[in-house]
Structures are given as C-alpha cells and as structure tokens.
Amino acid sequence: MKKNNVNQEEMASLDKTMEIHGLKRKNKKGLIIGLVIILIVILGGLGWYLFFGSTSKAIYENAIKDTFADIIDGLNIAKKHLVNYDFSTDSVNQKGEFKISTNQDSLKALSNYTYTYEVGIDAKNEKGEFALGINKNDAVLLDGKMYIIGNEGYLESSKLFDGIMYLSGNVDVDYDIMPAYNVDTYIKTVKKVEESLLNFVKKSVIKNGKAELNINGQVKQVKDHIFTINNEDAKVLLNDLVDNFLNDDEFLKELARITFNDYDSLKSSLEELKNTTDILGDNNLVIHLYTEGITNDIVGFNVLISEKEVINGILNGDELLVTLPEYPNFELKLKAKEINLSYSDDGKSLEVKITEILENKDSINLKYIEGNNNFEINMEMEANKLTETSMELKIFGDIKVNYDSQEYSFNIDWTNTVDVGTKEIADIDTTNTKDISTLTEDEGMEIINNFYNILKNEKDLYDLIENAASYFIVTPTTGGSNISF
C-alpha cells in the first residue's frame with residue numbers, strides 16, 4: 001500500500017511541475033482515440049482506392065492513361081532531338097551525303113566516291129531546287145541542279161555546261177499541298193484519341209469474373225475484366241473520336257499538313273466516317289484484361305472477335321509477350337527500351353530487333369531467311385538537334401545478302417541535315433538563261449562530250465556505270481526487244 005501511495009504522490013508532483021511550465025499530461029484515452037482516427041483515415045483511403053480504384057472501369061481507364069502516357073513520353077523525347085517544319089509556311093532545305101562500300105569486285109569502286117543530294121522547298125514563294133552530285137576527295141566530280149520558280153524550270157551544272165539553262169514548257173508543281181512535321185501535332189492527336197477512349201470507357205458496362213492464366217509456365221488464378229463492344233458501341237466510339245477532331249479547327253489544319261492532305265479533303269473524309277454504319281457487323285469485340293493482387297496489377301490481356309481469339313498478351317515482369325493465335329509462330333516481345341519480333345512459316349523466318357542505345361540513338365537488326373538464302377540488316381540511327389531550326393540524322397551499318405551460295409555485303413554511311421528558314425531557295429539570276437530548246441547540235445554534243453570526258457578520266461566511275469548497265473540484257477527478236485534483269 002505504501003508503494004502505491006508513493007506512485008500517486010510522484011504523479012501528482014509531476015502534474016504540478018508540468019502545470020507550472022504551462023504543460024499538461026495527456027490522457028491515455030485521448031491518445032488512443034487519436035490513433036484510432038488516424039487508422040480510420042488510412043484504412044478509409046485504402047478502402048476508397050480498393051473499391052473505386054480497382055473497379056473494372058478504373059482498371060481500363062488506368063491502363064489507357066498509362067499506355068498513352070508512355071507514348072507521349074516517347075514523343076517528347078523525340079521533340080528534344082528533332083525540329084518542326086511546315087513546307088507550306090517555312091523554307092525547308094535538306095541536304096546529305098551517302099557513302100557505300102561492298103565486297104563485290106564489280107562494285108568496289110563505289111567506295112571511292114561520296115554521293116550528295118539537296119532538296120529545298122519554299123512553297124510560300126513557289127520555289128524549289130533539287131541537286132545530285134558525285135564527289136571524290138572532297139572535290140566535285142559530277143553535278144546537276146534543277147531550280148523551280150513558279151511553274152518554270154532551270155538547269156545548272158558546273159561540270160557539263162556554263163550558265164543556267166531554261167526548261168521550255170511548264171513544270172507541274174502543286175504548292176497548295178505541302179507536308180509538315182510537327183511533334184506537337186502528333187502529341188495532340190494522341191491526346192484526342194486517349195480522351196475519346198476514356199469517355200467511351202466511362203459510358204460503358206464492364207463485367208468482371210475469374211480466370212486462369214499461364215504466365216511463364218505457371219498457371220495463376222487471376223481477375224478477369226470483360227469489356228464487350230458491339231457494332232453500335234463501335235459507332236459511338238468512332239463518332240466521338242471524329243467529333244473530337246472536327247470540333248478543333250486549328251488542330252484539323254495541323255493534322256491535314258502532317259498527313260499530306262488539304263484541309264477541306266481531310267474534313268470531308270472525317271465527316272464521311274460518321275456515316276459509317278457497319279464496323280463490326282454482327283460480331284462482338286471482347287477484351288479480357290487480367291489482373292492479380294489487391295492492387296490489381298495487369299498481367300495479361302486477350303482479344304476476341306466472334307468468340308475467336310485474335311491477339312493475346314502476357315506481362316511477365318518488365319516484358320510484354322504478344323502472340324497471334326491464328327499465327328502460332330508469331331511473337332512480339334516489348335520492353336522499355338527493346339522490341340523483338342519473330343515469325344516463321346513454311347521454311348521462311350523473320351526476326352527484327354530494335355534497341356534504344358541512347359534516347360536519340362537506336363539500333364535496328366533485321367534478318368530474313370528463306371531456305372538457304374538470307375537477308376540481314378544491321379543499322380544504327382542517330383538524331384541530333386543542332387539548333388532550334390536545324391537537325392542532323394545519321395544512319396550507318398551493314399546489309400548482307402546470301403543468295404544462291406553467293407554472299408553480298410554492303411556498308412552504308414548516310415548523313416542528312418535539315419535547315420528551316422535559313423537558306424534562300426532557288427536564289428538565281430534568270431535574266432541571262434539559255435532556252436534548252438534552242439541548243440544547236442554542236443552545243444548539245446559539247447555537253448555530251450563533257451560528260452564522257454569525266455568518265456574517261458574516271459575509269460572507276462565508267463566501270464560502275466558499265467557494270468550497272470550490264471544488269472540489263474537486251475536481246476533482239478523479230479517481234480522487238482526483250483529486256484530482262
């Protein structure tokens with residue numbers, strides 16, 4: 001009893017000390033109530049997520065959002081290394097050089113030369129220019145350039161003739177339909193498709209059930225979220241997507257340019273789509289989305305049309321395996337930075353691998369086999385934005401062909417640069433041009449002789465042309481000529 005009295009006295013002394021300092025000892029009951037409230041909030045939030053965030057609709061919505069977020073991320077990466085251009089408003093100049101080497105004796109001289117080209121278009125001012133050239137040791141060996149101003153054409157060559165020649169007759173160029181490249185427009189398009197899909201899911205009925213799924217040889221019990229789409233549903237989705245496009249006039253103009261269409265034609269085509277009545281016919285499109293765990297992690301999907309499987313997908317770790325039941329030897333494997341495709345049938349096989357080396361550099365490996373013959377490509381592509389108005393694209397690698405016990409190999413090195421709004425296109429003086437239709441016979445022969453003199457002094461180039469021509473065999477017959485390869 002003494003000990004209990006001492007404890008009570010000590011607690012009373014402690015309370016008095018705390019009260020002097022403006023403090024008060026908390027009641028244990030209040031602390032417990034506080035903990036219970038926190039626990040209720042946590043469990044309530046978890047319950048809200050598990051109920052509302054794990055409904056079949058929410059699972060489809062999240063799958064769509066995640067998929068389209070990945071697509072947009074990829075486009076934003078591309079945007080960092082590429083420049084936008086619009087041929088209808090910008091002057092755009094592309095030029096490049098191409099080098100090639102081979103193991104073929106008759107074509108080995110290819111590696112002695114660099115092949116150049118240039119294409120410039122200024123549609124707003126109705127101008128264009130196109131050039132081809134062959135260089136050796138950084139010196140121009142042979143060149144030719146064509147200029148277009150309005151609907152008139154001009155020719156120039158520093159090696160074949162002096163000055164600039166006028167091409168008689170009109171050059172037919174449609175300056176009204178010019179393409180564009182704009183990553184922002186691609187992103188807008190993706191977002192509009194995503195928006196229509198999400199609206200469609202929100203208005204739809206999605207059922208759920210249970211299923212068994214074979215993942216890497218292990219059969220698992222999974223949740224099955226079943227989305228059935230009939231012909232009327234498909235029409236609703238299509239009409240919503242078309243309206244989403246049509247209701248944004250500025251976007252539609254941008255879309256017309258990047259799809260190489262004029263605005264009125266694209267708008268008319270989209271409006272006609274709204275009249276489509278038969279998309280699925282009497283068939284139903286059924287999507288099964290499989291999840292597992294309390295957080296409903298997606299582990300696979302299955303798509304059927306009229307109860308026939310058309311595509312399957314299994315997500316195993318960070319790899320998505322896509323198969324086509326109708327083509328049992330088809331496989332598509334998708335990872336964050338790698339795509340692998342393989343297909344084989346009746347003695348033929350195709351393998352494709354695309355790997356992201358850096359965010360601006362990819363490698364492509366393709367191999368096709370048919371019997372004892374095969375074709376293989378190993379290439380790397382690299383894109384670099386040089387300034388806000390210029391970019392460079394490099395493609396280099398090997399092409400190998402084994403055909404009829406013969407091996408052919410080619411090494412390619414190609415560089416292409418794009419400059420937007422920095423060069424004056426077809427900037428030539430046309431006042432002293434010579435009409436090509438008024439050339440005399442001697443003037444025409446002089447141009448031909450200049451060409452043959454170049455070939456005469458460049459035996460390798462002459463042999464290349466001769467070997468290329470040898471692939472065409474002309475055999476005279478009483479009925480005319482047979483030309484074969």
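Both backbone and side-chain heavy atoms feed into the values below; hydrogens, waters and symmetry mates do not. Predicted, not measured: the structure shown is a model, and the values here were computed from it.
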Identify the two heavy atoms, one from Glu380 and one from Ser363, that lie closest to each other, and give their separation to 0.1 Å.
CG-CB, 4.0 Å
Sequence neighbours excluded, the answer for ring pair (Phe, Tyr, Trp, His ring centres under 6.0 Å) partners of Tyr60 is Phe227
In terms of heavy-atom contacts, Ser196 and Leu241 come closest through OG-CA, 3.3 Å
With under 30° as parallel and over 60° as perpendicular, where do the rings of Phe330 and Tyr343 fit, or are they tilted in between?
tilted
If I take atom CD from residue Gln94 and atom CG from residue Asp419, how far apart are they, to the nearest 0.5 angstrom?
9.5 Å
Of all pairs that satisfy side chain to side chain donor-acceptor pair (under 3.5 Å), the ones with a partner from residues 267-276, not counting sequence neighbours:
Asp243-Lys274
Do Glu376 and Asn374 get their side chains close enough for a donor-acceptor pair, meaning under 3.5 Å?
no
I need the Ile454 CD1 to Leu160 CG distance, nearest 0.5 Å.
5.0 Å
Any heavy-atom pair between the side chains of Val83 and Thr389 that's under 4.5 Å?
no
What pairs of donor and acceptor atoms, side-chain ones from residues 407-415 against any protein atom, are under 3.5 angstrom apart with sequence neighbours left out?
residue	atom	partner	partner atom	Å
Asn411	ND2	Gly397	O	3.4
Asn411	ND2	Asp398	OD1	2.8
Trp414	NE1	Tyr117	OH	2.8

Partner residues of Lys348 under the salt bridge (Lys or Arg N to Asp or Glu O under 4.0 Å) criterion, sequence neighbours left out
none
Establish, yes or no, whether a centroid distance under 6.0 Å links the rings of Tyr181 and Tyr186.
yes
Leu246 versus Leu252: any side-chain heavy-atom pair under 4.5 Å?
yes
Worked verdict on Lys188 versus Asp184 for salt bridge (charged side-chain N to carboxylate O under 4.0 Å, His left out)
CA-CA 6 Å; Lys188 287 179 186 177; Asp184 291 325; over 6 Å; no
Just to verify, what does Lys80 make a side-chain hydrogen bond (donor to acceptor under 3.5 Å, both in side chains) with, not counting sequence neighbours?
Glu359
Using distance only, find each side-chain donor-acceptor pair of residues 440-449 under 3.5 Å and give its atom names and separation, not counting sequence neighbours.
residue	atom	partner	partner atom	Å
Thr440	OG1	Glu443	N	3.2
Thr440	OG1	Glu443	OE1	3.4
Glu443	OE1	Thr440	N	2.9
Asn449	ND2	Met445	O	3.2

So does Glu250 pair up with Lys253, basic N to acidic O under 4.0 Å?
yes
If you look at every heavy atom in Glu152 and Val171, which pair is closest and at what distance?
C-CG2, 4.2 Å
Tell me, please, which residues at least two apart from Lys220 pass salt bridge (Lys or Arg N to Asp or Glu O under 4.0 Å).
Glu292
I'd like to know whether Ile71 forms a side chain to side chain contact (heavy atoms under 4.5 Å, CB included) with Glu194, so could you lay out the CA-CA distance, the side-chain angles of the two residues, the decisive distance to 0.1 Å, and finally the verdict.
CA-CA 11 Å; Ile71 295 172; Glu194 177 189 16; over 6 Å; no
CD of Glu97 to OG1 of Thr116: how many Å apart, nearest 0.5 Å?
8.0 Å
Distance-minimising heavy-atom pair for Val242 and Leu270:
CG1-O, 3.3 Å
Taking the side chain as everything from C-beta on, heavy atoms only, tell me whether Leu197 gets closer than 4.5 Å to Phe68.
yes
Just jot down the ring pair (Phe, Tyr, Trp, His ring centres under 6.0 Å) partners of Tyr113, sequence neighbours excluded, or say none.
none
Residues in salt bridge (Lys or Arg N to Asp or Glu O under 4.0 Å) contact with Lys191, at least two apart in sequence or another chain
none
In Å, rounded to the nearest 0.5 Å, how long is the span from CD of Glu331 to CG of Leu321?
5.0 Å
Just jot down the side-chain contact (heavy atoms from CB on, under 4.5 Å) partners of Ser91, sequence neighbours excluded, or say none.
Asp122, Ile425
Distance-minimising heavy-atom pair for Lys385 and Leu82
CE-O, 2.9 Å
Leu255 and Thr185: which non-hydrogen atoms are nearest, and at how many Å?
N-CG2, 4.0 Å
Do Ser390 and Thr387 have side-chain atoms, one donor and one acceptor, less than 3.5 Å apart?
yes
Donor-acceptor list for residues 134-143 side chains, cut-off 3.5 Å, not counting sequence neighbours:
residue	atom	partner	partner atom	Å
Lys136	NZ	Glu458	OE1	3.1
Lys136	NZ	Glu458	OE2	3.4
Asp143	OD1	Ser157	OG	3.1
Asp143	OD1	Ser158	N	3.2
Asp143	OD1	Ser158	OG	3.3
Asp143	OD1	Lys159	N	3.4
Asp143	OD2	Ser158	N	3.4
Asp143	OD2	Ser158	OG	2.8

Using the side chain to side chain contact (heavy atoms under 4.5 Å, CB included) rule, take Ile59 and Asn62 through it: C-alpha gap first, then chi angles, then the decisive distance, then the call.
CA-CA 5 Å; Ile59 290 165; Asn62 290 333; 5.8 Å; no
Contact check, side chains of Asn182 and Asp86, non-hydrogen atoms, under 4.5 Å:
no
Can you classify the ring geometry of His288 versus Tyr290 as parallel (below 30°), tilted (30 to 60°) or perpendicular (above 60°)?
parallel
Going by the rule salt bridge (Lys or Arg N to Asp or Glu O under 4.0 Å), which residues pair with Glu370 if we only count those two or more places apart in sequence or in a different chain?
none
Measure the spacing between CD1 of Ile287 and CD1 of Ile305 and express it to the nearest 0.5 Å.
9.5 Å
Hey, what do you get for CG (Leu110) to CG (Asp463), rounding to the nearest 0.5 Å?
11.5 Å
pair Leu439-Ile436: side-chain heavy atoms closer than 4.5 Å:
yes
